Number of protein chains: 2
Amino acid sequence: MKLKELAEQLGLSQTTVSRALNGYPEVNKATRERVSRAAAQFGYSANVNARRLAIGRVGAIGILMPNDRSERFGPHTSEFFSGLAERLSQDEMDLLMSPVTNNDEISAYRRLISSKRVDAIIVTGPTLMDERVTMLIEEKFPFVLHGRTNIEAPHAWLDIDNAGAFRQAASHLLDLGHKHIAMIDGLRGHTFSEHRELGYREALQGRGVPVDPRFIVHERFSDEIGFREAQRLLSYSPHPTAIIAGSMMTALGVFRAIRSKGYELGKEVSIIAHDDVFPYLNASNMVPSMTTTRSSIRSAGTRIAEMLVRVLDGEPVEDIHEVWPVELILRQSSGPPVSPGER
Amino acid sequence: MKLKELAEQLGLSQTTVSRALNGYPEVNKATRERVSRAAAQFGYSANVNARRLAIGRVGAIGILMPNDRSERFGPHTSEFFSGLAERLSQDEMDLLMSPVTNNDEISAYRRLISSKRVDAIIVTGPTLMDERVTMLIEEKFPFVLHGRTNIEAPHAWLDIDNAGAFRQAASHLLDLGHKHIAMIDGLRGHTFSEHRELGYREALQGRGVPVDPRFIVHERFSDEIGFREAQRLLSYSPHPTAIIAGSMMTALGVFRAIRSKGYELGKEVSIIAHDDVFPYLNASNMVPSMTTTRSSIRSAGTRIAEMLVRVLDGEPVEDIHEVWPVELILRQSSGPPVSPGER
DNA sequence: GCACAAATTCAAAGCGCTTTGAACTTTAGT
DNA sequence: ACTAAAGTTCAAAGCGCTTTGAATTTGTGC
């Protein structure tokens, strides 16, 4: 059933029917109801392409999937997407996933824009001077950034307080009496990773604890790397008595490394991990339960979708940015340092 | 730049330019090249909505995200999507993710269809008599199923040999001398879960080993449940000396439970897990490395996208289905049973 | 050179919706 | 009762592309 047929059925013009359905004010209340009822009855629903062609909006948001197996497409992705899609569907917006080909991100973004298949783009995992962001600002193409950059030009973004997360984690460990604290986080260059290191350094320096550069690791997030790096860290003398992990996957590897060295978790070696909140990986149910810095990536997705709508509605982008605080949830994997003899 | 302008620039009609760009045969070779060059030069690219409106195809594939945190949207999702999107982008097809609202799957599918926003749908995680499948067949709406059902009516699907996977795993454990083998898999009702149990039973019964119903667990996939259920299993007497886990997440929990009971992995208690192959969770790097039944869910995504294209091209759906074999990769987490005294 | 077929190109009619600008009704004010 | 204003409805013109059916150009055989 198309608009024309529905209009004929009702003895009305297409104009009126269209307006009734789209909630325009100049339609008589009785007429509107009659139209709605008929639409429901005949199962009418506007052809999206025709509507979008007429309206000049694509009705889709783009997100590029890096094909280099980078951190930007890990296990948190599905959670983030869930959050996004949940909100976008309220406005009948689609989420278009487009893969990056040939490892050329910038030109993939360019292609996505010029193909006119999306109204806006979501950019994730930025570096401090992310060139995708620079490019999108230059092209004046609407986007929201999940994360932050040092780029001055106004743009919309949502980030969590990564520095605060690691600062809190490190401070807590210092409070417990740890003197040798290591961190294993994501790749250098990424804002979140740099900010976390900053927070970590602030905490240590604030207490006059020297920063040992060997104790700062930047690598991809995976259990394997968590394991390997933690093993290395624990082989130093003195070795760290606490490790802060940038992701749950990394933390799993660190858990294993600590155990395989024969140390007791939360005693001889403590661990705090950053948790994006996954339904299938529960920090509180680990053994020992894991102290985490927590921030729901799902909620971030929902919120970013909301910001996107605001951007598309023309709200000035300089007004659209947020930093979310991160909670430190104390559990059993962090405790005062215990030397092996003492237990 | 729009088609009309490009045509004017070239001194050609829209018809010819359109045809040149879309590879129709009735265009002079020289003309076609001239057009292509001009298009590249001006950065012309057809308006997707106009094109789709004219052509009558939406150019998007739909996938519904259950909002009940079910197994259908776990950590494997991003891998599956990657695979899908990679192939779909070759045909300029978008992937549309739509959330299920109000927990009413069927009506969510109905809405997606009647909204005419997708040309076809991908259905995942089916039950044996999945009503979504029945409905889509009835509505004659194109779809490909990731998984299998017992529904007779022809439809396109791709599944892995789940029965074979668990049969192999169980047989291997029996070969090693295990007599008490448990399995922790996904929720009952789901085809993959039922098939796996079938394979498991076949292996045991083939050797005349009795099946203990307490040793068959069907639950959601998560580390937490893996841990809890494995603990329960290990508290029986006699307890299982080997556990087959349906997912890597579950396996992580099982690992912990085995350790927390003080058993040595691969010795007193063995474990084999099914691995969908995640870049961030590597079975071969665990300690001990994990024996797995392996099948790349990413490749499955790519293949399903391919099948989808065939369905849309009108190939008869009864010809479109595949069962993929699953490899058993032997590693250290499975070994002959050792009673605690012996080690 | 000519007739006819083959190869190219074109003008115009959709695809199904939104929206402009005009027309028609009803209401309100005097 | 008459007019201006407000409230409703409508016809028709796009939105930018594909495709039909016709027109034009080029090529072939004699």
Side-chain angles (χ1 to χ4, degrees), chain A residues 1-36 38-39 42-60 91-94 113-119 312-313, chain B residues 1-36 38-39 42-60 91-94 113-119 312-313:
Chain A
M1 155 114 3
K2 45 181 87 167
L3 182 61
K4 195 177 166 190
E5 291 162 16
L6 182 61
E8 276 165 7
Q9 278 288 332
L10 286 160
L12 286 169
S13 71
Q14 295 190 40
T15 311
T16 306
V17 177
S18 166
R19 285 183 166 151
L21 258 24
N22 289 312
Y24 279 59
E26 62 267 56
V27 179
N28 190 313
K29 199 172 174 204
T31 311
R32 186 194 303 285
E33 275 174 12
R34 200 159 64 91
V35 172
S36 306
F42 294 111
Y44 170 81
S45 145
N47 175 310
V48 202
N49 289 320
R51 166 166 234 278
R52 288 173 179 170
L53 174 58
I55 215 172
R57 257 207 201 180
V58 184
D91 284 43
E92 286 244 290
M93 293 230 227
D94 301 339
I113 294 175
S114 71
S115 76
K116 282 164 237 149
R117 288 186 302 167
V118 296
D119 292 318
L312 289 174
D313 283 349
Chain B
M1 155 118 357
K2 43 180 87 167
L3 182 61
K4 196 175 165 194
E5 292 161 16
L6 183 61
E8 277 165 7
Q9 278 286 333
L10 287 159
L12 287 167
S13 72
Q14 295 189 42
T15 311
T16 306
V17 176
S18 168
R19 286 184 164 153
L21 259 23
N22 288 313
Y24 279 60
E26 63 270 55
V27 178
N28 189 313
K29 200 172 173 206
T31 312
R32 186 193 303 285
E33 275 174 14
R34 201 158 65 91
V35 172
S36 307
F42 294 111
Y44 170 80
S45 145
N47 176 311
V48 202
N49 289 320
R51 167 167 233 278
R52 289 173 179 168
L53 173 58
I55 215 172
R57 255 207 202 181
V58 185
D91 284 43
E92 285 245 292
M93 293 231 226
D94 301 339
I113 294 175
S114 72
S115 77
K116 283 165 238 150
R117 287 186 302 165
V118 296
D119 293 317
L312 289 175
D313 282 350

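Sequence lines set the chain letters: A, B, ... in the order given, protein chains first and strands last, and positions in each chain run from 1. Just so you know, these numbers come straight off a predicted model, no measurement behind them.
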Q. Any donor-acceptor pair under 3.5 Å joining the side chain of A/Thr31 to the base of D/dT9?
A. no
**Q.** A/Tyr24 side chain near D/dT8 phosphate (N/O to OP1/OP2, under 4.0 Å)
**A.** no
**Q.** Between C/dT18 (C1') and A/Asn47 (CG): distance, integer Å
**A.** 13 Å
Q.
Using whole Å, what does the distance between atom C1' of nucleotide C/dT8 and atom CZ of B/Arg34 come to?
A. 13 Å
Q: Among D/dT9, C/dT18, D/dG16, find the nucleotide with the atom closest to the side chain of A/Val27.
A: D/dT9
Q. Is there a side-chain polar atom (N or O) of B/Ser13 under 4.0 Å from OP1 or OP2 of C/dA11?
A. no
Q | Minimum-distance nucleotide (side-chain atoms of B/Lys2 versus D/dG16, C/dT9, C/dC17) | A | D/dG16
Q) A/Leu6 has an atom CG; how far is it from atom P of D/dT9, in whole Å? A) 15 Å
**Q.** Under 4.0 angstrom between A/Lys4 side-chain N/O and C/dG16 OP1 or OP2
**A.** no
Q | Minimum-distance nucleotide to B/Leu12 side chain [options: C/dC17, C/dT18, C/dT9] | A | C/dT9
Q) Just how far, in rounded Å, is P of C/dG16 from CG of A/Leu53? A) 12 Å
Q.
Is it the case that the base of D/dT19 and the side chain of B/Thr15 share a donor-acceptor contact (distance under 3.5 Å, atom types as modelled)?
A. yes
Q: Look at B/Asn22 and D/dT18 and indicate whether a side-chain polar atom (N or O) is within less than 4.0 Å of OP1 or OP2.
A: yes
Q.
Please give me the minimum heavy-atom distance between A/Leu3 and A/Tyr44, naming the atom from each residue.
A. N-CE1, 3.4 Å
Q: Report the residue (B/Ile55 or B/Glu26) whose heavy-atom-nearest nucleotide on DNA chain C is the more 5′ of the two.
A: B/Glu26
Q) Please give, in whole Å, the distance from D/dG16 P to B/Leu3 CG? A) 11 Å
Q. Is any side-chain heavy atom of B/Val118 closer than 4.5 Å to a side-chain heavy atom of B/Val58?
A. no
Q: Indicate, with a heavy-atom threshold strictly under 4.0 Å, whether A/Asn49 touches base, sugar-phosphate, or nothing.
A: nothing
**Q.** side chain to side chain donor-acceptor pair (under 3.5 Å) contacts in which one or both residues fall within residues 26-35 of chain A, not counting sequence neighbours
**A.** none
Q.
If I take atom CG in residue A/Leu21 and atom C1' in nucleotide C/dC17, what distance separates them, rounded to the nearest angstrom?
A. 11 Å
Q) Does a side-chain N-to-carboxylate-O contact under 4.0 Å join A/Arg57 and A/Asp313? A) yes
Q) If you pin B/Pro25 and B/Ala50 to their nearest nucleotides in DNA chain C, which one's is more 5'? A) B/Pro25
Q) Can you tell me how far P of D/dC15 sits from CD of B/Glu5, to the nearest Å? A) 11 Å
Q) Okay, side chain of B/Asp119, backbone of B/Gly59: is any donor-acceptor separation there less than 3.5 Å? A) yes
Q | Whole-Å distance separating the CZ atom of B/Arg19 from the P atom of C/dA11 | A | 13 Å
